[in-house]
Amino acid sequence: MKRNFITKLTAILMVLLLVTVYPVSAAAASTLRNSEIVYVPDMNSIALYEITPDMGFKIGKETLVFSTSSEQFTDAVSGIIGGAMAAALDANAGAAKISAAINRMFSNIQMNKYGRSENTEIAPLTYQTPMSYHMEEDVYSANIKALAEKSGGTVSADDIYVFNYDWRLSPLANAEKLKSYIDMVTSKKEVDRVALISGGTGGNVVNSYLYKYEEHAKENLLSCIFLDSAAMGNSLMGAVMSGDVVSSKKKVNREEGEDDIFENIKDVYESITGDDVGNAIARYIEQDPGGIVTAMLSRYIGEKNYAELWAKLGLVIFSKIAADQNLFRKIGSGYKKILSASASKIYDEVLINNLRYVPGFWALVPDEDFDDAVKTMFGSKENMTKELRDMAYGYREVMNATEQTLTRTQSDGINTCVVAGYGMQMIPVTGRIDEQSDGFEATRYAGMGVRTGDIDSKVSVAKKCTNGNHNHMEPQKCCDASTCFLPDQTWFICNHKNMDYGSETAAKFILWLALSKEQRSVIQNDMYPQYLRKAIIGDRVYAYSTLEDAEQNDYYYGDLNVDGAISVDDARIALRYSVGLEGTPSRILVKVGDVNGDGKITIDDARLILRYSVGLDDTFPVVSKKK
């Protein structure tokens, strides 16, 4: 009897313990994160400095040797564009200008024939503390700022670490440093696991880390998210390194029904005409994915008087006039002649010497271009030093194992996801001018194997998904995600510019992926289907879905980019619709953009939105009419 009593008493105490403690523990588990974010950025976000042992904290403009945001880099890009224009009159003079600009760009970061820096004191800044300590520095980029400040309290700058790396080096060498960096972060108090987020060339480093350190990743990673990844290569770098510029022919997709786009593609070609190049230039100018054109125009217009707005509006007006006068066809034909006349000179005098010794650049050459690139840069691999050859071919092994690496990472319990952009014009200087892209990365590479059509073509019907009763075809048949390495864990954003994740909706989407303790999939949340769309040209990641959606939510009149504010960008979008550069607006967009209440989006609406955005008006005529 006594034994029975003790057993019952023990059982009652256990029940009481569970009833009183378990709800608290469950609540704590849902709100307390025991993981930090390690962000591995794209090379465009990583500046290189000359850091000497006696320098201490004297880091500034005088020690900066390379940054894509520096005046030196902008001047070099301006020189390249100016040289291309000059070549229309004098090919040799134009080539000389382009050569000088490229040499200035790379002058301080040369590598020797062994794949090592000629100046051993050049390096990126490293950060052993969270971003909350570095909010005034360049490393606190728009993407990191969005993750920290627009997440609705999910994370803060205290939760984010940035792993900077020397992007000139082999990704495998940087992978070893990433491993040590993760160890440093997880050694912090109460940090068990890391949410690893990579962008662009950071994907090459992370891909190498997963390939080389599987057990370490299994023990330390909560998730691994690839954004606009260059892990499978970059079309632009592949084309340049292999000598395939726009004056040659472009490679096209294989025949329908063939699944692996990375095999046997080399001998499929299609001629490029002046119209092809002209159309590519027109699309690129209109979307200006890198902001390069508007930045340069703004510079010449001046810093005040809404220079950027006038530059953007000027591009819109120029594009409309150029299209009407058939100028782009003429520009395209001339551009082909320029490159044909000067490409060999530029390669021989500049590109080969500046590109061929950089291991990080070899990691950006897609597999289909690699043999041609070796031939163009060295004649044969025997002419490479053993050290450089080992580094260049070492990442081939990593690249060719990517699909197996990603599926293995998932099997190890690491939430692994991929995000890529599509629907934008590639930089129009290579034979890949019509590929789906985010303006810089080709979608088929960033999407890890996705089959795509050209910008003006479609692909065949997709296979059914293995995770639910649906298929993977993009609504306009631009992409077939059934061919992805991770078909159920790969998301695509239409009109997304390369590494442009600075909006609130983009930040929340990334964190939804990265902070999950379970594997995310494309059918898991109605807010995040496989194919997303940036609202027109603005920052919001999701488009209006239905008219009812617009009516049920308090969207502002004039807020055409759906970012919760009325800005000059909204005026630009309205102007594009008014002159026919964005096609026919939907009923939803007319409802939002028709601020004068006449039932359509006109130049007058663009003018009114612009006045409102700069504080000249505090309401719209359509609002007054409704009162």
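Numbers for residues simply follow the sequence, beginning at 1. The structure displayed is predicted, hence computed values, not measured ones.
Residues W512 and Y528 place their aromatic rings such that the two centres sit under 6.0 Å apart. Aromatic pair Y39/F163: centroids not less than 6.0 angstrom apart. Not less than 6.0 angstrom separates the ring centroid of H496 from the ring centroid of Y422.
In this structure, I510 and I197 have side chains that are in contact, with non-hydrogen atoms separated by less than 4.5 Å. Two residues are said to be in side-chain contact when any heavy atoms from C-beta on lie closer than 4.5 Å; V419 and F492 fail this criterion. Contact check for F620 versus N596: no side-chain heavy atoms found under the 4.5 Å cut-off. Contact annotation: the side chain of Y161 never approaches that of Q128 to less than 4.5 Å [non-hydrogen atoms, C-beta and beyond]. Considering only heavy atoms from C-beta on, L210 stays 4.5 Å or farther from S208 through its side chain. Taking the side chain as every heavy atom from C-beta outward, L196 and Y209 approach each other to under 4.5 Å. Here the side chains of N415 and L222 are not in contact, with every heavy-atom distance at 4.5 Å or above. The shortest side-chain heavy-atom distance between M232 and M448 falls under the 4.5 Å cut-off.
Between the side chain of N143 and the backbone N or O of Y501, at least one donor-acceptor pair lies under 3.5 Å. Side chain of S151 to backbone of V155: a donor-acceptor contact under 3.5 angstrom is found. Without hydrogens or angle criteria, T416 side chain to L406 main chain gives no donor-acceptor distance under 3.5 Å. In this structure a side-chain-to-backbone donor-acceptor pair under 3.5 Å is present from S187 to M184. When atom types are taken as modelled, the side chain of N164 and the backbone of L125 share a donor-acceptor pair closer than 3.5 angstrom. Under the 3.5 Å distance criterion, the side-chain polar atoms of T490 are left unmatched by any main-chain donor or acceptor of G447. In this structure, T407 contributes its side chain and E403 its backbone to a donor-acceptor pair below 3.5 Å. Side-chain atoms of D159 come within 3.5 Å of backbone atoms of S156 as a donor-acceptor pair (strictly under, hydrogens ignored).
Using a 3.5 Å distance cut-off with no hydrogens or angles, the side chains of N207 and T402 do pair a donor with an acceptor. E518 and Q524 are linked by a side-chain donor-acceptor pair at a separation below 3.5 angstrom, with hydrogens and angles left out of the test. Checked by atom type, the side-chain pair Y557/D594 shows no donor-acceptor distance below 3.5 Å.
V450 and C479 make their closest contact through CG2-CB, 4.0 Å (heavy atoms, listed as atom of the first residue, atom of the second, distance). Closest heavy-atom contact between V579 and I603: CG1-CD1, 4.4 Å. For the residue pair Q489 and V522, the shortest heavy atom distance occurs at N-CG1, 4.4 Å. Between A230 and L364 the shortest heavy-atom distance is CB-CD2, 3.7 Å. Closest heavy-atom contact between G233 and E441: O-OE1, 3.7 Å. When all heavy atoms of S482 and D480 are compared, the pair lying nearest together is OG-OD1, 2.6 Å.
For the atom pair CD1 (I46) and CH2 (W167), the distance works out to 9.0 Å, reported to the nearest 0.5 Å. The CZ atom of R193 sits 14.0 Å away from the CG atom of L515 when rounded to the nearest 0.5 Å. In this structure, CG on D438 lies 9.5 Å from CE on M499, to the nearest 0.5 angstrom. Interatomic distance, CG of L532 versus OG1 of T505, reported as 9.5 Å (0.5 Å rounding). Separation of atoms CD (E435) and CG (L236) is listed at 11.0 Å; rounding is to 0.5 Å. Interatomic distance, OG of S132 versus CG of D158, reported as 3.5 Å (0.5 Å rounding).
Listed by chain and number, the residues in a side chain to side chain donor-acceptor pair (under 3.5 Å) with D605 are T602 (sequence neighbours excluded).
Between E36 and K188 no salt bridge is recorded (no basic side-chain N to carboxylate O distance below 4.0 Å).
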Practice task
For D559 and D570, run side-chain contact (heavy atoms from CB on, under 4.5 Å): C-alpha distance rounded to whole Å, both residues' side-chain angles, the deciding distance at 0.1 Å, then the answer.
Solution key: CA-CA 6 Å; D559 184 18; D570 296 305; 3.7 Å; yes
